[in-house]
Amino acid sequence: MRRHLAYAAGAAVLALAGCGGDDPTPQVADPTPTATVSASPSASAAVEKEAWEKKTEAGAIAFAKRWIRLFDEAKSSGDTAELEAVSSDDCKTCQNYISLTKDIYGNGGSVKSEGWRVLAVSTPNNDSSPTRRVSMRVDQSPQEIKRSADAEAESFPGGEATFTASVRWAKNGWSMASLDIVE
């Protein structure tokens, strides 16, 4: 969202800079006194944080959903950097997904999928612990995996599954501490 606003603002500045006619005579307004304007607190305030950047229940839920989005992006591109950045080294499921994705794309393979769609999310436990449990019902779209450039494609039907995500707040934000499928 911020990127789109910055782009729009930049485009407006460029458009205004190009507004000039063939009139080489500068148009100068009559000098009139103007008040000095100081920056307002809202103009100098920090940019509003995204929901997943806040240490709240809503932040824990937003982070769990964001993790799913980053997982989908890593699956489709092979670039796991962002997913790794928000996944704890202790999260075995996370590390398995990351390792498998690196192996597939490192061997010239690919994953074709429309991704996972979060259908429902529970409210996390609200205790003083830095870890919150978020239950998510997810629709996994069918996918096709080619484990290497020469491998036959494997098809998987997809379907719904429930996961329990344990997300942990640390000084820099949330991270996925564990992700377990509920049988």
Side-chain angles (χ1 to χ4, degrees), residues 1-6 46-107 109-148 151 153-183:
M1 179 64 135
R2 285 181 246 147
R3 190 177 313 155
H4 294 296
L5 292 174
V47 177
E48 179 69 23
K49 289 184 176 185
E50 298 287 339
W52 52 266
E53 295 176 303
K54 298 176 184 176
K55 188 181 179 182
T56 62
E57 283 187 20
I61 292 169
F63 173 79
K65 289 178 177 180
R66 178 175 185 260
W67 191 94
I68 296 293
R69 184 181 52 79
L70 292 175
F71 167 70
D72 281 337
E73 289 173 6
K75 256 188 332 190
S76 66
S77 70
D79 182 358
T80 61
E82 283 191 77
L83 186 62
E84 288 180 79
V86 297
S87 299
S88 165
D89 291 339
D90 298 333
C91 178
K92 291 180 181 166
T93 303
C94 303
Q95 297 309 317
N96 287 340
Y97 282 144
I98 291 165
S99 179
L100 178 62
T101 303
K102 285 181 172 182
D103 288 347
I104 289 170
Y105 283 89
N107 292 323
S110 62
V111 177
K112 292 181 182 176
S113 169
E114 291 189 25
W116 290 10
R117 186 170 51 96
V118 177
L119 302 172
V121 180
S122 71
T123 302
N125 59 325
N126 190 13
D127 59 21
S128 60
S129 165
T131 302
R132 301 284 188 265
R133 290 193 175 296
V134 179
S135 179
M136 296 184 291
R137 186 85 181 143
V138 177
D139 178 37
Q140 302 168 316
S141 69
Q143 63 183 3
E144 185 177 283
I145 299 176
K146 260 186 98 169
R147 295 187 186 270
S148 69
E154 300 172 61
S155 295
F156 299 92
E160 290 185 15
T162 300
F163 292 87
T164 299
S166 293
V167 299
R168 182 179 309 130
W169 183 263
K171 64 181 175 183
N172 296 328
W174 295 105
S175 71
M176 185 65 73
S178 69
L179 183 67
D180 301 306
I181 193 162
V182 177
E183 297 291 329

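Computation of the quantities below employed the complete heavy-atom set of this structure, encompassing side-chain atoms and omitting hydrogens, waters and symmetry-equivalent molecules.
The shortest non-hydrogen separation linking Arg147 to Phe156 is NH2-CZ, 4.3 Å. Here the shortest heavy-atom pairing between Cys94 and Trp67 reads SG-CZ2, 3.7 Å. Minimum heavy-atom separation, Ser175 to Ser88: OG-CB, 4.3 Å.
Counting only heavy atoms from C-beta outward, the side chains of Leu179 and Tyr97 approach each other to under 4.5 Å. At a threshold of 4.5 Å between non-hydrogen side-chain atoms, the residues Ser141 and Arg117 do not count as touching. Put simply, the side chain of Phe163 does not reach to within 4.5 Å of the side chain of Val134, judged on heavy atoms. Side-chain atoms of Ile104 and Lys146, non-hydrogen and from C-beta on, never get closer than 4.5 Å to each other. No side-chain heavy atom of Met176 sits less than 4.5 Å from a side-chain heavy atom of Arg66.
Using modelled atom types, one finds no donor on one side chain facing an acceptor on the other under 3.5 Å when comparing Ser135 with Ser122.
Here the CH2 atom belonging to Trp169 is positioned 10.5 Å from the NZ atom belonging to Lys54, to the nearest 0.5 angstrom. Atom OG of residue Ser113 and atom CD1 of residue Ile145 lie 8.5 Å apart, to the nearest 0.5 angstrom. Residue Leu100 holds its CG atom at 11.0 Å from CD1 of Ile98, rounded to the nearest 0.5 Å. For the atom pair Asp180 CG and Arg133 CZ, the distance stands at 7.5 Å (nearest 0.5 Å). For the atom pair Met136 CE and Ile181 CD1, the distance stands at 11.0 Å (nearest 0.5 Å).
Counting only residues at least two apart or in different chains, salt bridge (charged side-chain N to carboxylate O under 4.0 Å, His left out) contacts with residues 160-176 comprise Arg137-Glu160.
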- [ ] Could you go through the salt bridge (charged side-chain N to carboxylate O under 4.0 Å, His left out) check for Arg132 and Glu57 one step at a time?
- [x] CA-CA 8 Å; Arg132 301 284 188 265; Glu57 283 187 20; over 6 Å; no

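Taking a 6.0 Å sphere around CD of Glu114, one finds it holds 12 or fewer heavy atoms contributed by other residues, nucleotides or ligands.
Using modelled atom types, one side-chain atom of Ser87 and one backbone atom of Leu83 make a donor-acceptor pair closer than 3.5 Å.
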Output a table of donor-acceptor pairs, distance under 3.5 Å, between side-chain atoms of residues 71-82 and any protein atom two or more places apart or on a different chain; print 'none' if there are none.
residue: Asp72; atom: OD1; partner: Lys75; partner atom: NZ; Å: 3.3
residue: Asp72; atom: OD1; partner: Trp116; partner atom: N; Å: 3.1
residue: Asp72; atom: OD2; partner: Trp116; partner atom: N; Å: 2.9
residue: Glu73; atom: OE2; partner: Arg69; partner atom: NH1; Å: 2.8
residue: Ser76; atom: OG; partner: Asp72; partner atom: O; Å: 3.3
residue: Ser76; atom: OG; partner: Glu73; partner atom: O; Å: 3.2
residue: Ser77; atom: OG; partner: Glu73; partner atom: O; Å: 2.9
residue: Ser77; atom: OG; partner: Asp79; partner atom: N; Å: 3.0
residue: Asp79; atom: OD1; partner: Ala81; partner atom: N; Å: 3.1
residue: Thr80; atom: OG1; partner: Glu84; partner atom: OE2; Å: 2.7

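Taking the salt bridge (Lys or Arg N to Asp or Glu O under 4.0 Å) definition, one finds that Lys65 meets it with nothing, sequence neighbours left out.
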